[in-house]
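Order of the sequence lines sets the chain letters (A, B, ...), proteins ahead of strands, with each chain counted from 1. Note that the coordinates shown come from a computational prediction; the quantities given were computed from them, not determined experimentally.
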Amino acid sequence: MTFSATKILTNKRLAEQQCLTLLETCTTLLNLTQIHTQIIKLGLINNPLVLTKFTSTSSNLNAINYASLILFDPHSKTHLYDTFLYNTIIRAYAQTNNNRISSIEIYKKMVVNDVMPNKFTYPFVLKACAGVGVLSLGECVHGCVVKLGFDDDIHVCNTMVHMYCCCGCVGSARKVFEGMCVRDSVSWSAMIGGYVRGGMAGESVADLGALELGKWVERYVEREGIRKSMELCNALIDMFAKCGDVDKALRLFRGLDGKTIVSWTSVIVGLAMHGRGLEAAALFEEMKSSGVEPDDVTFIGLLSACSHSGLVNEGRKYFSSMTEEFHMTPKIEHYGCMVDLFSRAGLVKEALEFVNNMPIEPNPIILRTLTAACRLHGELNLGESITKQLIESEPLHESNYVLLSNIYGKMSKWEKKNTIREVMGEKGMKKIPGSTMIELDNKIYEFVAGDRTHESYKEIHEMIDEMAKKIKMAGYVPTTSEVLLDIGQEEREDALNRHSEKLAIAFALLKTPPGTPIRIVKNLRVCGDCHSATKFISKIYNREIIVRDRNRFHHVKDGVCSCNDFW
DNA sequence: ATAGGGTTAG
């Protein structure tokens, strides 16, 4: 009797072990189905170890899907482990790239089935919301957190900060952050990361103030003696670089001991944004000698650094070193960087040849880079044909139409250009209007082209006229060919003068004492004419002008821009 | 048995 009981027990344990081993090696859905049958047969459906294993095979989407089937399997009576099981499945989905929405679906089922979420549930759910980026959903979850009283948990709050930041709502993130009674280094990294990304997303309000805010954050962290973890330092480096003080970022980086690949990559990317390609390349070499292996992200940073500084040969060299020296397979992103490198440097033929010889199909992003280069360097027919293909493959992507319309503008095919605009109108698409922001005396001002609503409208326009006269005398030639409208020369010049960059600069010249640096933020890429005019203005008015573009910084001083005209 | 933050070209 004793013997057989032991035997059954041993068998059970053996079966359990067998299932665990099977799950360990399982790769396909078929295998999973078989294992599931086995699990039911062996009566292991309520075995927590087996179920955990089932759900934690998270790298395998099939396994996650199957695990969620098990959860709703009529054979399983999972009362004891309900919350835990839901949590593991929610976590598994939250960690995938494309199935975060399932994570939220499971959470909803959890609520419907009256299974109580616990404080471990919410970081997963919020992470999924952050990944999906839907604010309303996140807000709803926030409401549940408050209702259940989990808003006093530091982990939950940290993820809420992260979630709001990812949804582009830095203000709400800040509110949660302010409401926390204890903040640790994770809270700060999440908040700093939010300000940085807020800037990148064009939520310029955050990022204009961010340099001052950043300094304040650093002082605060120092004063409170908050542990400066590697993640926090890397977030600070990234923030200072993206808020315009790349030297500060470099100093912080130099002071780090135990630099990780993320630290190196952050600072290389930072230098790239500021057009300091040679320094980025030098740092890359230093990194190699210090024994840190570059990864694919490092190469994106490095190649974009070459691209933004016009270092074509270096870019080529580094691209081939990826395969030859580091035995990596370049991804579509790296090919994209190379196309961008050639395009910026005006080597349209090389760019085209490169695309034709690529071992993978170019994606729409690469094709758009190529057509933009075609437009800029006069290969209009080629540009037209590629853009038409793009519209066919992505009929809902607004920038394809803008590109084609601009190509027709450059060809002076006004009728065709108008047709495109009409098509866009019919489809309810609109070109994003260019705008420029500036912060003066703690107030944010936003300008759009031809703005007449501003209180100082008259003064600004007088200033612009004066600016135009002075810089023309110094040799500025308005690039009227960039005005893609069917109008005469004088009207073209006038259209250029009403660009939002020029309005903001004129306003700053009026309102700030001589010699003060001017910091402005654009939502799109800076236009060629404004770039040229800014250089002249910096010299004549003796001002340093720092322009933050959609992609990068331009430090304009004494008639020279840090981008060396590659952007 | 289960948790949070940092790097990515156009």
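- Residues forming a ring pair (Phe, Tyr, Trp, His ring centres under 6.0 Å) with A/F299 (at least two apart in sequence, or on another chain): A/F284, A/F326.
- Nearest to the side chain of A/I154, among B/dA3, B/dG4, B/dG5, sits B/dG4.
- Residue A/H162 places at least one side-chain N or O closer than 4.0 Å to OP1 or OP2 of B/dG5.
- Among the atoms of the strands shown, none is found under 4.0 Å from any heavy atom of A/T121.
- For the segment residues 293-302 of chain A, the set of residues with a heavy atom within less than 4.0 Å of an atom of DNA chain B comprises A/V297, A/I300, in numerical order.
- Side-chain contact, A/Y86 with A/N113: a donor N or O sits under 3.5 Å from an acceptor N or O.
- Residues forming a side-chain contact (heavy atoms from CB on, under 4.5 Å) with A/A130 (at least two apart in sequence, or on another chain): A/H162, A/M163, A/C166.
- The base of B/dG6 lies close enough to the side chain of A/T260 for a donor and an acceptor atom to sit less than 3.5 Å apart.
- A donor-acceptor pair is defined here as one N or O able to donate and one able to accept, closer than 3.5 Å; such a pair exists between the side chain of A/S309 and the backbone of A/G275.
- Nearest to the side-chain atoms of A/V186 among the listed nucleotides B/dA3, B/dA9, B/dG5 stands B/dG5.
- Side-chain proximity of A/R91 to B/dA3, B/dT7, B/dG5: nearest is B/dA3.
- Across all strands shown, A/T265 has heavy atoms under 4.0 Å from base atoms, whether or not it also approaches the sugar-phosphate.
- Within the nucleic acid shown, A/N87 comes within 4.0 Å of at least one base atom, counting heavy atoms only.
- Here B/dA1 is the nucleotide among B/dG5, B/dA1, B/dT8 with the atom lying nearest to any side-chain atom of A/F84.
- With A/H334 contributing its side chain and A/D296 its backbone, the two residues share a donor-acceptor pair below 3.5 Å.
- For A/S266, counting side-chain heavy atoms from C-beta on, the closest listed nucleotide (B/dG4, B/dG5, B/dT7) is B/dT7.
- Note on A/K127: a side-chain N or O is less than 4.0 Å away from OP1 or OP2 of B/dG4.
- In this structure, the nucleotide among B/dA9, B/dT8, B/dG5 sitting nearest to the side chain of A/S229 is B/dG5.
- Not one side-chain nitrogen or oxygen of A/K259 sits closer than 4.0 Å to the OP1 or OP2 atom of B/dG6.
- Counting only heavy atoms from C-beta on, A/H308 has its side chain closest to B/dA9 among B/dA9, B/dG4, B/dT8.
- Using modelled atom types and a 3.5 Å distance limit, the side chains of A/S263 and A/T260 yield a donor-acceptor pair.
- Of the listed nucleotides (B/dG6, B/dT2, B/dA9), B/dA9 has the atom at the smallest distance from the side chain of A/E333.
- Atom P of nucleotide B/dA1 and atom CZ of A/F124 are separated by 15 Å, given to the nearest angstrom.
- Among B/dG4, B/dT7, B/dG6, the nucleotide with an atom closest to any side-chain atom of A/N158 is B/dG4.
- Between A/Y335 and A/F319, the distance from one ring center to the other falls under 6.0 angstrom.
- Proximity note for A/A235 (side chain, C-beta onward) versus B/dA9, B/dT2, B/dG6: the nearest is B/dG6.
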